[in-house]
Structures are given as structure tokens and as C-alpha cells.
Amino acid sequence: MGAKLRIIVKKTTESIVFYILFIIFAAVNDVSAIVYTSRDELPKLDAGDFFHSADLFDIYCETPRHSPLMVVARRTDGTVCGHLLAVVRSRSSWMPPFLMWHCRILGDGCYYEGNDSRDAIFGVMMTALVKHLPARVAYIELSNSSAKMFGYKALRSLGFFHVNWMNIHNSLHSKAPEERLGQKQLQRIEEAMQKGVSTTEVKSDDDFHDFMRLLKAHNFLKLKRFIPNEIFFKRVAQSGCCRLLITRYHGATVGCCAYAISQGNAYLWYAAFLRKSYMLLRPADVTIWNAIKKAYDEGCQHFCFLDVGLPYRANKLRDFFLRFGGKPISAFRWFKFRYNWINVLAARIWSL
């Protein structure tokens, strides 16, 4: 009796799985994707995720060394069912290769239908994007997905490999930020602010000049970090979806950061601090804390850190962000190199 029951359960489970896969396939087999590179050709897209919006597409178009690619998925009847924004950036460095192009994608994209077909539509868009990219693009990087396993099958089939990463976010909806911060950390920040360290939003041209000067100087020798042209920061600030903050001590600029607001959450995008020169004043702590407080006052649900450093066991930047009461979340960051032998070698190195 037990064996018959197991057989019935097994056949029923297989039937359900087949039915689900059939529904998903039937929902996306009439989907095609087109890659747009010009704003004039871009169709009207619903407002949603700022990182995949037409507004950010326009900003990238105006920013030097940036070439945006908007992938739009459509049904056979012409209705848009999803879109995804990628940007190809050219960067120069003082180490070989001296000039390199890479493609960057933040998040999953935007979808106009239920969750059942999101993975499949994402696979169609990523396939179109990979085919469209020029040969000079050295690698593609995709990060900050909403779920760890999102798009896993599609990305693996396209030759991507994943690296175990960590994302950090602070919840702002259930408790005030002070309730999640340790007493010692809060005391250090208050002492620094009493000494004259203060954070304000960038308003004037002088503020913006000091903001850009510190941001570029701080990241000049950091090969992994890419700082866009100042046109980019001016335009994202004007869009109303990004805040530029600057921290000063008696007139000296000691910290700055930029965070974006999308779908009710705040995302720390760029940051720079003079931590060693002003160690006792804790400019990094004051800057990040005031950014979290401002996001909380604006009604954001979470404060997310887009870059918490490389996935090494000893990571000072990650440990620093965790001091503010954030929650670490295991995630994947996906990569695909142009040349297959580099892709295979890198995948094996990171799998060790």
C-alpha cells in the first residue's frame, strides 16, 4: 500500500511540474526582445525601477564613456511585457589593459506581468543583450538581484558563472534607525558631530565641486570602482531620484555619498571618506549615518548598500557597513567574459 501511494504521489508531482513548465513556456514562447540604443527609438515604458528607467537611460546617453542599452521584451501583439537597462562603460587605468569596456546591469529589470514568467522573459532579454554586445566589451557583470536564484537557468545557459557575494540592507519600516544601532556606535557618532562634523545635502556649485573632488581622489587608485563624469551626478540629482550628501569639518570636506531612491528603497551608490586623515572624527560613520537618517525621514522602507567590497572572508568595508544594524544576505553576482578560456579559468578560480 505504501509503495502504491509513493507511485501515485510521484506521478502527481511530475504532472504538476510538467503543467507549470508548460504554462511558463506557453506564456513566453511568443516573446521577442529588441535592444534600443537611441532615445528617439525607445518606446514608452511604465515608470518603475529607477535603475531600469527611461530617465536613467537618458542620463547615461548624456554621460561621456557610457553607452546605454535598453532591452524591451514584447508579445506578438506588440504589448511590452518587460524591459531591462544595461550600460557599456569604457574606462582607462594605469595598469594593463589601459582601456577596457565592460557591461553593467543592476537588478532584475521591470516586468508588467505576474511572477510566473519573469525568469523566462529575463532569459529572452539577456539572450538578446549578449548577442547585441560589441566584441570590444571585455565582460558583463550582473548584480543586486531581488532573489539569489533569479535567472539562474538562463544565465548558466548563456555561459555566465556566479560568485558567492553578500548584500547588506537596513530595515527602516519597523524600527527607527537608532533602535538598530549599537549604543557605542551611536555615542561615537554623536561625539564626532559635537566636535563640528556635519552632513548636508549638496546645494551650491561649491558643494558639488567639493563632492566630485573628494569622490574622484578617494577612488583614483581603486581599480574596481568606476566613477562617472560629473555630468552624471548633476543629472541624477536633478532627476529627483538621487541625493548627494557632503560631510564637512570646519570647512574641510571629509566625506560624501550619493544614494538613489527606487520603489520606496534607498540604495547607497557612491561614497568617499577621509577616514585615515580624520580618524578621530569618524567621517565615514557620520556620513553613512546621516544618509540612513535622511532616507528614513523620506519614508524609505530599506537602505541598501550596492557595493560592500569583494567577497573575501576578511572584508573591512563589509564589517563597517554592518555596524549600522544592517542585515547580511547571501547573493550571487554573475559574470561573463568575452573569451571563453578566460570565462572557464575565472569560474574555476572562484569555485575553489
Side-chain angles (χ1 to χ4, degrees), residues 36-72 80 82-89 103-112 143-144 146 169 172 199-216 219 225-247 256-272 287-288 290-307:
Y36 293 91
T37 59
S38 172
R39 184 65 178 91
D40 298 333
E41 302 173 355
L42 197 65
K44 184 178 180 180
L45 303 173
D46 291 349
D49 189 345
F50 173 71
F51 295 104
H52 296 274
S53 63
D55 292 337
L56 187 57
F57 182 92
D58 289 341
I59 294 171
Y60 281 142
C61 285
E62 298 176 14
T63 306
R65 300 185 296 162
H66 285 64
S67 300
L69 304 169
M70 183 69 82
V71 189
V72 179
V80 176
H83 66 270
L84 179 146
L85 177 61
V87 58
V88 175
R89 306 186 298 196
C103 180
R104 191 79 164 87
I105 305 168
L106 284 172
D108 307 339
C110 295
Y111 303 89
Y112 302 179
S143 65
N144 302 100
S146 59
H169 74 260
L172 305 178
T199 302
T200 58
E201 191 169 356
V202 172
K203 295 294 185 182
S204 64
D205 292 339
D206 291 338
D207 289 345
F208 184 77
H209 175 74
D210 294 338
F211 173 92
M212 289 303 306
R213 183 173 59 182
L214 177 58
L215 192 63
K216 290 180 178 179
N219 294 282
R225 298 181 187 174
F226 180 89
I227 304 301
N229 186 277
E230 62 182 27
I231 295 175
F232 171 82
F233 290 98
K234 284 184 178 180
R235 291 285 282 108
V236 293
Q238 293 169 359
S239 70
C241 294
C242 189
R243 308 287 183 265
L244 307 183
L245 304 183
I246 187 168
T247 300
C256 65
C257 73
Y259 69 85
I261 299 176
S262 176
Q263 296 180 312
N265 296 321
Y267 297 85
L268 184 67
W269 212 346
Y270 298 94
T287 303
I288 298 300
N290 281 295
I292 293 174
K293 286 281 292 178
K294 185 171 179 61
Y296 174 76
D297 293 339
E298 291 182 299
C300 294
Q301 298 295 300
H302 300 91
F303 190 90
C304 309
F305 298 88
L306 291 180
D307 184 8

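Just so you know, these numbers come straight off a predicted model, no measurement behind them.
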Between F51 and A260 the two heavy atoms that sit nearest each other are CZ-CB, 3.8 Å

Hey, can you tell me if F211 and F208 have their rings parallel, tilted or perpendicular (30° and 60° cut-offs)? parallel

Minimum side-chain heavy-atom gap T37-L69 below 4.5 Å: yes

Heavy-atom closest pair, residues Y36 and F57: O-CE1, 3.8 Å

Indicate yes or no: at least one non-hydrogen side-chain atom of L85 is less than 4.5 angstrom from one of P68. yes

Are any non-hydrogen side-chain atoms of L306 and L268 less than 4.5 angstrom apart? no

With a 4.5 Å limit on heavy-atom distance, are the side chains of L106 and Y267 in contact? no

Can you find a heavy atom in the side chain of F232 that is under 4.5 Å from one in the side chain of L56? yes

Can you check whether H52 reaches I105 side chain to side chain, under 4.5 Å on heavy atoms? yes

Please examine the side chains of P228 and R65, heavy atoms only from C-beta on, and report whether any two atoms are closer than 4.5 Å. no

According to the interplanar angle, ranging from 0 to 90°, do the rings of Y60 and H66 count as parallel (below 30°), tilted (30 to 60°) or perpendicular (above 60°)? parallel

Do the non-hydrogen side-chain atoms of Y112 and L45 ever get within less than 4.5 Å of each other? yes

Taking all non-hydrogen atoms of both residues, which atom of C300 and which atom of N265 are closest, and how far apart? SG-C, 4.3 Å

D49-S262 side chain donor-acceptor pair, cut-off 3.5 Å: yes

Please determine if D210 and R213 form a salt bridge, counting it only when a charged side-chain N lies under 4.0 Å from a carboxylate O. yes

Contact summary for L245 and E201, nearest pair of heavy atoms: CD2-CA, 3.8 Å

